[in-house]
There are 2 protein chains.
Amino acid sequence: MTYAAALQALADPTRRAILEKLRHGPRSVGQLAQGFQISRPAVSQHLRVLCCAGLLDVVPVGARRVYRLRPEGLAQLRVYLEDLWRDALRGFDAPEFPAPRDGT
Amino acid sequence: MTYAAALQALADPTRRAILEKLRHGPRSVGQLAQGFQISRPAVSQHLRVLCCAGLLDVVPVGARRVYRLRPEGLAQLRVYLEDLWRDALRGFDAPEFPAPRDGT
DNA sequence: ACTTACGGTAAGCTATGACTTACGCCGCCG
DNA sequence: CGGCGGCGTAAGTCATAGCTTACCGTAAGT
């Protein structure tokens, strides 16, 4: 059920922008904060959320902390979506639907 | 960029639960509302969000409105995720990272 | 050892989002 | 045609998420 946290993390535009930056490779907090209107602490908070969601990991390099995409986190989400998508495709095109009398 | 709305819609647990119910096939609002603690109008509001996000579509059947998963909406999300995932996999395992002196 | 760069944490503010109740519209059946 | 079941919408309330400023630890350089 880890995908829940991931989805909630991905819901925020700023966090998606951060991920977008990280697509090109690992970045330090300072680098990530550049180009955003928001303050650096705000970025730090977003990074925390992304980490907790399993979408990022950190490695300290000297005084800096370098963040990086974590494929495993995305993989779980992928599975969830793929699954849901497949069920959706099963196309219950029936204009009719399960009888209302059935409590299910 | 439609996936943005979809992600925001998927962030809510109740909405995911609704989708979960719809995996088994189309359902009317009343059917969907059953089993939730929250009021039926609340469910209606969630359904609106999901529709606007392109994840659901509706077909009126008599006095009822039957909701159904919309594969196309999920597909876009799938592409986004798949893409991001692929980039993440490219494994920038470098303990080093782009020189901080470079403003990028 | 002092100083500076880097970045996480705390506390407080505000906007947004999820819920409720109340209401009105529409399709159906007696 | 009147009553009813089924749902969407409006208005108002309350909690939470995201932002800010202020502060503190830690690593590196001189």
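Letters go in sequence order (proteins before strands), and every chain restarts at 1.
Rounded to a whole Å, the CG atom of Leu50(B) is 12 Å from the P atom of dG8(D). We find that CD of Gln34(B) is positioned 10 Å from P of dC7(D), with the value rounded to whole Å. Between Leu47(B) atom CG and dG6(D) atom P the separation is 16 Å, expressed in whole Å. Rounding to whole angstrom units, CD of residue Gln45(A) and C1' of dA17(D) are separated by 10 Å. Rounded to whole angstrom, the span from the CG atom of Leu32(B) across to the C1' atom of dG6(D) amounts to 13 Å. Going from atom CZ of Arg16(B) over to atom C1' of dA18(C) covers 14 Å, rounded to whole Å. In this entry the distance linking CG of Asp12(A) with C1' of dT16(D) reads 13 Å, nearest Å. Taking atom NE2 on His46(A) and atom P on dG8(C), their separation rounds to 13 Å, with Å as the unit.
Nearest to the side chain of Arg65(A), among dA18(C), dG7(C), dG18(D), sits dG7(C). Checked against dT20(C), dG18(D), dT20(D), the side chain of Ala42(B) finds its nearest nucleotide in dT20(C). When the nucleotides dG8(D), dG18(D), dG6(D) are ranked by their closest atom to the side chain of Arg64(B), dG6(D) comes out on top. Side-chain atoms of Ser39(A) lie closest to dT21(D) of the nucleotides dC19(C), dT21(D), dG8(C).
In this structure, Ser44(A) reaches the dG8(C) phosphate: one of its side-chain N or O atoms is under 4.0 Å from OP1 or OP2. Taking only side-chain nitrogens and oxygens, Arg48(B) never comes nearer than 4.0 Å to OP1 or OP2 of dC7(D). Ser28(B) has a side-chain polar atom (N or O) that falls below the 4.0 Å cut-off from OP1 or OP2 of dC7(D). Dashed line: the shortest gap from a side-chain N or O of Tyr67(B) to OP1 or OP2 of dG8(D) is under 4.0 Å.
Of the possible donor and acceptor atoms, one in the side chain of Arg16(A) sits under 3.5 Å from a partner among the backbone N and O of Ala11(A). Checked by atom type and distance alone, the side chain of Gln31(B) pairs as donor or acceptor with a backbone atom of Ser28(B) at under 3.5 Å. With Arg15(B) contributing its side chain and Ala9(B) its backbone, the two residues share a donor-acceptor pair below 3.5 Å.
Under the rule for a side-chain contact (heavy atoms from CB on, under 4.5 Å), the partners of Ser44(A) that lie at least two apart in sequence or sit in another chain are Val29(A), Arg40(A).
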**Message:** Strictly under 4.0 angstrom, non-hydrogen atoms only: write out the protein contact profile of nucleotides 22-30 of chain C, one letter per nucleotide from the 5' end, B, S or -.
**Reply:** B----SS--
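Among the heavy atoms of the strands, none lies under 4.0 Å from Phe36(A).
Using the Watson-Crick or G-U wobble rule with both distances under 3.5 Å, dC14(D) pairs with dG17(C).
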**Request:** Give the C-alpha distance, both sets of side-chain angles, the deciding distance and a yes or no for salt bridge (Lys or Arg N to Asp or Glu O under 4.0 Å) between Arg70(B) and Asp57(B).
**Result:** CA-CA 6 Å; Arg70(B) 216 180 75 95; Asp57(B) 58 4; 5.6 Å; no
